[in-house]
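Sequence lines set the chain letters: A, B, ... in the order given, protein chains first and strands last, and positions in each chain run from 1.
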2 protein chains.
Amino acid sequence: MNRGRRPGQVSSRDAVLRAAREQFSRKGYDAATVRAIAAEAGVDPSMINHHFGTKEQLFMAALESPVDPKDHISAVLGGPREGAGERLVTRILAVWDSPAGAAGVAVLRTAMQHEWSAALVREFILNRAIKPLLAGLGVPAEEASWRGNLVASQLSGLILTRYLIKLEPIASAPHAVVVQALGPTIQRYLTGAVGADHLGG
Amino acid sequence: MNRGRRPGQVSSRDAVLRAAREQFSRKGYDAATVRAIAAEAGVDPSMINHHFGTKEQLFMAALESPVDPKDHISAVLGGPREGAGERLVTRILAVWDSPAGAAGVAVLRTAMQHEWSAALVREFILNRAIKPLLAGLGVPAEEASWRGNLVASQLSGLILTRYLIKLEPIASAPHAVVVQALGPTIQRYLTGAVGADHLGG
DNA sequence: CACTTAATTCAACGCTTGTTGAATTAGTTG
DNA sequence: CAACTAATTCAACAAGCGTTGAATTAAGTG
């Protein structure tokens with residue numbers, strides 16, 4: 001292996017991936033052009049097709065993220081039940097402020113324009129993140145759907161205003177301040193009273 | 001006036017505007033092509049330039065909305081202070097479920113990709129909507145900024161999940177159910193305890 | 001040194017985009 | 001009717017897009 005490459009030299013593949021993540025997260029799928037990604041990576045546009053096939057495959061490759069929701073979910077579940085809201089907000093901020101958050105921003109930006117990306121977001125939020133979390137909290141299945149949507153609405157709004165629209169001062173607020181403000185909201189959505197007569201619909 | 005047009009026949013200008021609103025709100029500024037708008041309006045693409053100049057000017061014309069935030073703000077302010085949260089959510093749902101909401105969806109979709117649209121959203125949310133509302137509630141100026149951001153985070157998240165991502169069941173939930181769930185959250189952000197040590201920063 | 005294979009370069013393709021300008025049609029005005 | 005003006009049609013433009021394939025370079029292998 002490692003054929004045709006000087007040892008100790010990083011392949012241009014990584015440079016392309018880095019540039020792709022940067023461009024996709026800043027502009028979304030459509031506005032981020034293959035040519036611009038190639039330029040930022042200091043590479044010929046055709047290299048992208050050579051390494052990744054099509055633009056869509058590059059997008060998927062750029063989304064490959066080391067973030068496993070399971071780790072964070074178990075972390076949120078570990079601790080007193082009435083502190084789950086604050087712990088969830090804390091985790092969300094940590095992930096989205098890290099480099100791994102760029103992938104999320106890219107998908108979310110693209111979800112505004114392409115149904116297939118919106119479907120990706122829905123699937124992830126519901127089945128991968130919120131459903132197992134609520135199950136771990138012992139929330140009845142017939143309540144989980146509605147409570148999960150409420151949690152998603154507040155957290156996606158946080159992400160939208162803080163990372164996409166960059167509304168100040170929430171975009172620059174320290175984690176602790178955001179946690180203090182949103183924690184009780186999330187806690188109520190998870191385990192409090194949220195219109196019990198509708199649950200199960 | 002009315003030169004060169006058969007009386008009783010609506011000009012193609014209105015048809016273009018209608019199609020533009022539809023396309024812009026469904027796809028955002030970039031993905032909505034001039035040609036697609038023209039096709040939906042049953043009109044030659046060059047008619048758009050003839051009537052509106054450029055695509056950007058058409059976008060601006062399509063955003064001309066009969067919605068005046070002032071009316072809704074005074075409606076929210078009219079009534080007991082502790083019911084302001086529920087009244088605000090009620091108003092938001094009414095506006096965004098109406099045809100006028102399409103313009104908002106268009107701007108918000110575009111704000112994900114273009115800084116100039118994001119700036120438009122920031123300006124509107126902060127100065128036109130939330131700032132006067134909080135002033136009317138008698139909230140001190142040094143708290144208004146932070147409280148306003150919190151309100152924006154929850155309401156923009158509602159709009160995102162309900163109208164853009166179309167997360168179920170929140171996308172189809174009756175107004176009353178959403179009001180019951182989000183009302184207390186907004187109320188706390190407006191007048192409750194939200195991290196008083198940070199306010200004024 | 002050949003041989004092989006991957007990496008890279010370069011030019012070009014077909015397509016869609018927003019926009020333009022000339023030619024034509026239609027309806028009102030003097 | 002003649003004159004004028006707005007509305008409409010049509011073809012084409014330049015620019016940018018993703019993608020392709022052939023030619024070239026470079027590096028490890030027998």
Side-chain angles (χ1 to χ4, degrees), chain A residues 1-24 26-63 106 109-110 112-114 116-117, chain B residues 1-63 106 109-110 113-114 116-117:
Chain A
M1 56 218 61
N2 217 23
R3 301 255 203 85
R5 189 193 315 157
R6 284 199 306 281
Q9 161 138 355
V10 200
S11 96
S12 69
R13 216 174 165 276
D14 297 353
V16 169
L17 268 182
R18 216 179 351 238
R21 270 188 262 262
E22 153 75 15
Q23 294 278 322
F24 279 136
R26 211 177 54 201
K27 307 180 181 175
Y29 181 80
D30 287 296
T33 69
V34 168
R35 288 171 145 94
I37 294 171
E40 183 174 322
V43 154
D44 190 272
S46 64
M47 289 305 302
I48 290 181
N49 301 94
H50 184 256
H51 282 307
F52 300 94
T54 69
K55 181 187 183 181
E56 191 169 335
Q57 290 174 298
L58 170 65
F59 184 72
M60 295 307 180
L63 292 190
R109 278 224 152 89
T110 308
M112 304 295 107
Q113 274 196 323
H114 291 289
W116 53 266
S117 182
Chain B
M1 57 215 60
N2 216 23
R3 301 256 205 84
R5 188 193 316 157
R6 285 198 305 281
Q9 161 138 357
V10 200
S11 99
S12 68
R13 214 175 166 276
D14 298 354
V16 169
L17 268 182
R18 215 177 355 236
R21 272 188 261 263
E22 154 75 14
Q23 293 278 322
F24 280 136
S25 69
R26 211 177 54 201
K27 308 180 181 175
Y29 181 80
D30 287 297
T33 70
V34 168
R35 286 172 146 94
I37 294 170
E40 184 174 321
V43 155
D44 189 272
S46 64
M47 288 305 302
I48 290 181
N49 302 94
H50 183 255
H51 283 306
F52 301 94
T54 69
K55 180 186 184 182
E56 191 169 334
Q57 289 174 299
L58 170 64
F59 183 72
M60 295 306 179
L63 293 190
R109 278 224 152 88
T110 308
Q113 273 196 321
H114 290 288
W116 54 263
S117 182

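To the nearest angstrom, P of D:dG18 lies 15 Å from CD of A:Gln57. A straight line from CG of B:Leu58 to P of C:dT17 spans 15 Å, rounded to a whole angstrom. Look at CD1 on B:Ile48: it is 12 Å from P on D:dT8, rounded to the nearest Å. The interatomic distance linking A:Phe52 (CZ) with D:dT19 (P) rounds to 13 Å, in whole Å. Whole-Å rounding puts the A:Ile37 CD1 to D:dT19 P distance at 11 Å.
The only option from B:Gln113, B:Glu56, B:Arg109 that meets the side-chain contact (heavy atoms from CB on, under 4.5 Å) definition with B:Tyr29 turns out to be B:Glu56.
Between atom CG of residue A:Asn49 and atom CG of residue A:Leu58 there is a gap of 9.0 Å, rounded to the nearest 0.5 Å. Atom CD of B:Glu22 and atom NZ of B:Lys27 lie 8.5 Å apart (nearest 0.5 Å). With rounding to the nearest 0.5 angstrom, the CZ atom of A:Phe52 is 14.0 Å from the CE atom of A:Met60.
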Base-contact (B) and sugar-phosphate-only (S) positions in nucleotides 18-24 of chain C, heavy-atom cut-off under 4.0 Å, - elsewhere: BBBB---
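In this structure a side-chain-to-backbone donor-acceptor pair under 3.5 Å is missing from B:Ser12 to B:Ala15.
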Acceptor/donor pairs from residues 37-48 of chain A side chains to any protein atom, 3.5 angstrom cut, sequence neighbours excluded:
unit_1, atom_1, unit_2, atom_2, d
A:Glu40, OE1, A:Gln23, NE2, 2.6
A:Asp44, OD1, A:Ser46, N, 2.9
A:Asp44, OD1, A:Ser46, OG, 2.6

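Aromatic ring orientation, A:Phe59 versus A:Phe24: perpendicular (interplanar angle above 60°, classes split at 30° and 60°).
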Begin from the C-alpha positions of A:Gln57 and A:Thr54 and carry the test side-chain contact (heavy atoms from CB on, under 4.5 Å) through to its verdict. CA-CA 5 Å; A:Gln57 290 174 298; A:Thr54 69; 3.5 Å; yes
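Of the residues in residues 20-28 of chain B, not one places a heavy atom less than 4.0 Å from an atom of DNA chain D.
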